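Here is the structure we will look at, set down as structure tokens.
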Amino acid sequence: MVSEPEFCRRLFCLFCRRLFCLFHRRRRRGWFLAFRRRLEHRGIALGCAPSPRVSCRLLSFAAAFGASSLVLVMAEEIAPKTDVAVDASVAPKSENLPVQVTSIRLTKDNYLSWSAALEIGITSRGRLSYITGAKPAPSKSDPQWENWALEDSQVKVWIISSVSADIQPLILRKPTSFEMWNVLARMYGRKKRVLCTYQIKRNIYALKQGDLSVASYFAALKTKWEELDYHVEDNWDCGSDHARHWEMEWMDRTFLFLGGLRDEFESIR
């Protein structure tokens, strides 16, 4: 069990070592001076080991200032090597958490599959309440704030590491994982709904069995149908009309599935 002061000392030493290597390799002395001035303006000096609260601010500020890759590497190295002493009554047991919880990276076209995979990964590690807003930030004077900030930062690292490089700048300065999640949902979740519906339907009508097995062909169609259902408005005032609509919709989908089968299945159409 590593004490809290020792954890802060290790965290700070690792940060300084990584920072020095980053600047030496990239020869970005001007970036370093600007970064140091911004830290001193916020009361963080690079000449002494910070407190736990300042350590969280240091990591968050480094990410916001543009050193997101440095923060991810630090988190990856710290996670399996340290175990912070925390009061069990206010925090869960320490665990070795990975930097990534899904191999899918968010682009401008795959929000549906990305959000589903990331939500599963975050849920499996007991952090779902951070992106749903069910666990808002406590007051900074609350004893539980430092533990909340640590766990929320873990979720932020998972989100940042699962989006493409061109999307990362849009969320790096967001103070909480909940705000990161909402920004991405607003920008890519239901953006250009009509255009997405048109493109998905076009892909569905163009999909044929070809060299696929029947099971693989149906699975491909079902995936497209699920994407379509996500983007299409489904607000009905009358429940019976809604049920009738879906009966007709699934009849059309059955006809579409049969029509895309190879000629050898002509006898069952």
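Computed from a prediction, not measured in an experiment: that's the story for all the values here. Numbers here simply count residues along the sequence, with the first being 1.
For the residue pair Trp246 and Asp229, the shortest heavy atom distance occurs at CH2-OD1, 3.4 Å. Scanning all heavy atoms of the two residues, the minimum distance from Pro138 to Trp145 falls at O-CD1, 3.2 Å.
Taking the side chain as every heavy atom from C-beta outward, Trp250 and Phe255 never approach each other to under 4.5 Å. When side chains are defined from C-beta on, Ile167 counts as touching Leu184, because their heavy atoms get closer than 4.5 Å. Side-chain contact between Ser162 and Arg105: absent, with no pair of heavy atoms (C-beta onward) separated by less than 4.5 Å. Using a 4.5 Å cut-off on side-chain heavy atoms (C-beta onward), Val155 and Ile131 make contact. Ile160 has its side chain within reach of Met180: a pair of non-hydrogen atoms, C-beta onward, lies under 4.5 Å apart. Looking at Leu258 and Leu261, their side chains come closer than 4.5 Å, going by heavy atoms from C-beta outward. At least one side-chain heavy atom of Arg253 sits less than 4.5 Å from a side-chain heavy atom of Glu249. Taking 4.5 Å as the limit, every side-chain heavy atom of His245 sits out of range of all side-chain heavy atoms of Asp241.
Proximity of a side-chain donor or acceptor of Glu119 to a complementary backbone N or O of Leu128 within less than 3.5 Å is not detected.
A side-chain donor from one of Ser216 and Ser213 sits under 3.5 Å from a side-chain acceptor of the other. Side-chain atoms of Thr176 and Asp152 form no donor-acceptor pair, as typed in the model, at a separation below 3.5 Å. Using modelled atom types and a 3.5 Å distance limit, the side chains of Thr107 and Asn110 yield a donor-acceptor pair.
More than 12 heavy atoms of other residues, nucleotides or ligands sit less than 6.0 Å from atom CG of Asp252.
For Trp158 and Trp181, the distance between ring centers is not under 6.0 angstrom. Ring pair Phe257/Phe218: centre-to-centre distance below 6.0 Å.
A salt bridge does not link Lys208 to Asp263: none of the charged side-chain nitrogens sits closer than 4.0 Å to a carboxylate oxygen. Salt bridge Lys135/Glu151: present, at least one basic N to carboxylate O contact under 4.0 Å.
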